[in-house]
Each structure stands twice: as structure tokens, then as C-alpha cells.
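Every number for a ligand or one of its atoms is a count from 1 in the order of the listing. Just so you know, these numbers come straight off a predicted model, no measurement behind them.
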Amino acid sequence: MVTKVIAISKENRAAVLREAGEIMKAGGLVAFPTETVYGLGGDALNPASAKKIYEAKGRPSDNPLIVHIAAMEALPAIVEEVPETAKRLASLFWPGPLTMILKKAERVPKETTGGLDTVAVRMPVHDVALDFIQAAGGYVAAPSANRSGRPSPTTAAYVAEDMEGRIEMILDGGQATLGLESTIVDLTVEPPMLLRPGFVTEEMLSVALGEVAVDETLLCGDSGQAPKAPGMKYRHYAPKGELVIVRGSEAAVTAAINERLLAGRAENKKTGVIATDETVERYEADVHFGMGEKGSAKAAAERLYRILRECDDEGVELILSEYFDDEGVGAAVMNRLRKAAGYHIIDV
Ligand code: TXA
Ligand code: MG
């Protein structure tokens with residue numbers, strides 16, 4: 001299959017979205033930009049499309065997909081009911097980086113929900129995403145557009161790296177501005193439960209809903225429990241090299257990271273370091289990755305997946321990372337970074 005990669009412009013936009021919509025209605029796959037990461041879209045109401053998505057991603061088919069909608073009016077048709085909690089969250093955070101788990105309606109195929117009776121729904125805020133969803137018939141099932149086990153793609157070029165030859169079309173809408181996947185909250189349980197941290201933070205959900213529980217498996221990899229969002233159980237985002245996070249006072253972290261980098265060099269390993277812009281040049285690494293200014297979780301979120309891909313591109317074998325601010329949006333950054341490190345954190 002030849003994958004068409006098309007940069008959306010003012011001139012071609014209407015025609016390209018029409019073509020993308022036709023591909024989707026015929027059961028094909030189109031990758032599209034959202035504000036979080038690029039999605040790999042198929043018709044959510046067509047079981048055959050869901051199967052193709054799993055194949056293209058190399059993802060196990062028990063991992064449910066998020067259904068993307070472009071208007072609140074589209075919601076009632078795919079869920080058993082729209083609870084008050086969902087209305088409240090939608091009015092506050094949709095369109096935007098929030099996914100809600102609700103009881104699914106009959107017409108959503110089990111292929112889309114990985115066999116579950118619930119469905120994940122999100123209304124993205126990216127204007128190309130919204131127009132694409134409309135053109136595709138209103139219901140787009142889309143996981144992140146990476147091959148399983150790779151970091152989620154934040155540019156069309158990264159999508160092409162993973163999906164060239166596997167899907168019909170890639171819509172290039174520029175860089176994903178947020179850079180991390182949506183927050184997921186399960187509204188089918190009482191109290192509602194946060195399954196994946198993101199830009200809509202736990203604090204923001206608590207203000208809107210009152211008590212919010214947090215899936216315990218988010219914090220460590222070896223709790224022995226299955227995470228509530230099936231996709232969270234897979235080894236994700238791991239660079240090919242060994243990644244270790246070091247936490248402690250600034251001076252202790254600098255010393256500990258440099259000690260390990262020098263030991264890696266002594267073993268002829270190519271080394272890398274992930275640190276704030278202020279501190280990154282202090283380290284004795286072959287490759288330096290700046291995560292943005294200290295305390296800026298947004299900058300860190302935007303850069304993290306690019307940095308993890310670059311570690312592989314540069315062939316870095318040992319990567320040391322500082323521990324970043326884990327409040328607010330930082331909780332999402334550290335959730336992804338911890339997973340990438342296989343939960344290998346050293347306290348100094
Ligand atoms: O920002 C995002 O959410 C991006 C963009 C493309 O919208 N999408 C995304 O999809 O991150 P994906 O497939 O990579 O992650 C979806 C997560 C998985 O961990 C999956 O297990 C969980 O959502 N999920 C989906 N449906 C679920 C359900 N019914 N119950 C529990 N978890 C569910
Ligand atoms: Mg994903």
C-alpha cells in the first residue's frame with residue numbers, strides 16, 4: 001500500500017478532508033493530528049476498521065480504542081446514557097484533552113471496545129481533527145498513531161516512520177501542541193476514577209466532580225494488579241537504551257548522574273542525559289536533551305516523546321534523566337517517563 005502524506009493548507013483543506021472522509025467510509029485508515037498526539041483513525045462503527053487498526057499498530061486486539069466525536073450531539077448515539085458527570089466534564093473540558101469512559105450503546109462494535117461493555121469517548125480541540133471526524137461520518141476510533149511499543153507520534157513525520165505502507169493516508173497538521181495523550185477518567189464507577197493522567201489534571205477533575213479515585217497501578221509497575229485501562233499494562237514508550245531516573249537534591253543528582261555517565265563511557269557506551277535547560281550542560285554525556293525550563297511541565301510534555309525517539313535515532317545506550325516536577329501536568333510527564341524507564345528510579 002502506498003501511504004499518501006498530505007500537508008493541510010488553506011487551499012487544499014476542503015478537498016483533502018473530503019478524500020480522507022471517503023477513505024474512512026470505505027473502511028480505510030487515515031492518521032490525523034490532534035492537540036495531544038497524532039491518531040490512527042478508522043470508522044468506529046465498522047468492526048472491520050477496528051481490526052485493521054490493530055493490525056497496522058501491531059497491537060493486541062484486547063486493547064480498546066478511543067472513539068473521537070466532533071459534537072456533543074453525537075454522544076447519545078454511542079452510549080447507554082449521558083450521566084450528569086459527563087455533561088459537567090464536557091461543558092468544562094470538551095473539546096479538549098479529556099477521554100471519558102461510559103457504558104456503551106449496542107451500535108458500538110465490540111471490536112472497537114476490545115470486548116468491553118464500556119466505550120472511551122473524546123472530543124479533540126484541533127480544528128483539522130474536528131473537520132476530519134465530521135467528514136468521516138462522526139465517529140472515529142483512534143489510538144495513538146505509533147507502532148505498539150513506540151512513543152506516541154507528535155509530528156506527521158513520526159507517524160510516517162511507523163505507519164508508511166500500512167495505512168492509506170496521513171494528514172499533516174503540524175506539531176501536536178500538547179505532546180502527551182489525553183487524560184482518561186472512568187465515569188462508570190463511583191467515585192469516578194482517573195485511569196491516565198494528562199493535561200486535565202486530577203485537581204481539575206476533583207473540582208468538577210468532588211471525590212476522584214486514582215488507579216493505583218499508575219504509580220508503580222510492579223503492584224501486581226492489572227491497570228483499569230487495558231492499554232496501560234503494555235510496556236510503552238521504552239527507548240532501546242537503558243533509561244534511569246535519578247531523584248534528590250540538585251547537587252546530589254548532578255553528582256550521581258555524572259558518576260553513572262562516566263561509568264557508562266568507561267564501558268564504551270554511548271550516553272545521553274535528559275535534564276532541564278538550566279542544568280543539562282553540567283552533565284558528561286555524549287548527547288544532551290533539554291526538557292525546557294525548570295518547573296515548566298508544559299515544555300517537558302511537548303518534548304518528551306521527541307526526545308525518546310531521538311535517543312533511539314542517535315543510538316544512545318545509557319540514558320540518565322533528572323526527576324521532573326510531578327505536580328499538575330507534571331504528573332502526566334512523570335507517569336510517561338517512569339514507564340519509559342521501566343520504573344527504574346534511584347533516590348540519592
Ligand atoms: O490523546 C489521546 O487520547 C490519543 C489521541 C489520538 O486522541 N489517543 C490515545 O489512544 O492515546 P491510545 O489507544 O493510545 O490509548 C487509549 C487508552 C488505552 O490505554 C486503552 O486501554 C484505554 O485508553 N481505554 C480505551 N477504552 C477503554 C475502556 N472502555 N475502558 C478502560 N480503558 C480504555
Ligand atoms: Mg497509545
Nearest heavy atom to [atom]: which of [options] does it belong to?
| atom | options | value |
| --- | --- | --- |
| atom 13 (O) of ligand 1 | Arg59, Lys57, Glu181 | Arg59 |
| atom 8 (N) of ligand 1 | Gly115, Ser144, Pro97, Ser148 | Ser144 |
| atom 27 (C) of ligand 1 | Gly41, Gly114, Pro64, Ala141 | Pro64 |

Margin query: Do Arg309 and Tyr158 form a cation-pi contact, if we require the NZ or CZ to be under 6.0 Å from the six-membered ring centre and within 45 degrees of the ring's axis?
Written below: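 Checked: cation-pi criterion met.
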
Notebook entry, point to check: Does NZ or CZ of Arg247 lie under 6.0 Å from the centre of the six-membered ring of Phe324, at an angle within 45° of the ring axis?
Noted result: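 Judged by the rule (NZ or CZ under 6.0 Å from the ring centre, within 45° of its axis), Arg247 is not positioned above Phe324.
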
Note to self: Do Pro95 and Arg122 have side chains that approach each other closer than 4.5 Å (heavy atoms only, starting at C-beta)?
What the structure shows: no

Next item on the list: Find out whether Thr183 and Leu205 are in side-chain contact, i.e. whether some heavy atom of one side chain is under 4.5 Å from a heavy atom of the other.
Entry: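 SC-SC contact between Thr183 and Leu205 confirmed.
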
Do the side chain of [X] and the main chain of [Y] share a donor and acceptor less than 3.5 angstrom apart?
| X | Y | answer |
| --- | --- | --- |
| Asp312 | Lys240 | yes |
| Arg338 | Ile345 | no |
| Asp286 | Thr271 | yes |
| Thr112 | Ala44 | yes |

Per-atom contacts, ligand 1 versus [X] - under 4.0 Å to a heavy atom:
| X | result |
| --- | --- |
| Arg122 | 1 (O), 2 (C), 3 (O), 5 (C), 7 (O) |
| Ile184 | 17 (C), 22 (C), 23 (O) |
| Ile66 | 3 (O), 8 (N), 9 (C), 10 (O), 16 (C) |
| Gly39 | 6 (C) |
| Asn63 | 18 (C), 20 (C), 21 (O) |
| Ala120 | 25 (C), 26 (N), 27 (C) |
| Leu116 | 28 (C), 29 (N), 30 (N) |

Item checked: Proximity of Asp186 to ligand 1 by residue part, where a heavy atom lies under 4.0 Å ->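 None of Asp186 does.
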
Next item on the list: Heavy-atom distances under 4.0 Å are what count here, so tell me which part of Thr118 touches ligand 1: side chain, backbone, both or neither.
Entry: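 Within the 4.0 Å criterion, Thr118 contacts ligand 1 through backbone and side-chain atoms alike.
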
Next item on the list: Would you please classify the geometry between the His68 ring and the Phe32 ring as parallel, tilted or perpendicular, with 30° and 60° separating the classes?
Entry: perpendicular

Check: At a 4.0 Å cut-off, with the gap strictly under it, does some heavy atom of Thr113 reach an atom of ligand 1?
Finding: no

Note to self: Looking at ligand 1, is there an atom of it that comes within less than 4.0 Å of some heavy atom belonging to Lys104?
What the structure shows: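 No heavy atom of Lys104 comes that close to ligand 1.
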
Notebook entry, point to check: If we only count N/O pairs under 3.5 Å, is His68 in contact with ligand 1?
Noted result: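 Looking only at distances, the answer is yes, because the N/O contact criterion of under 3.5 Å is met.
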
Checklist line | Distance in Å, Leu130 CG paired with Glu35 CD, rounded so as to fall on 0.5 Å steps | finding: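 Between atom CG of Leu130 and atom CD of Glu35 there are 8.0 Å.
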
Item checked: the Mg ion (ligand 2) to nearest N/O/S of Ser144 below 2.8 Å -> yes

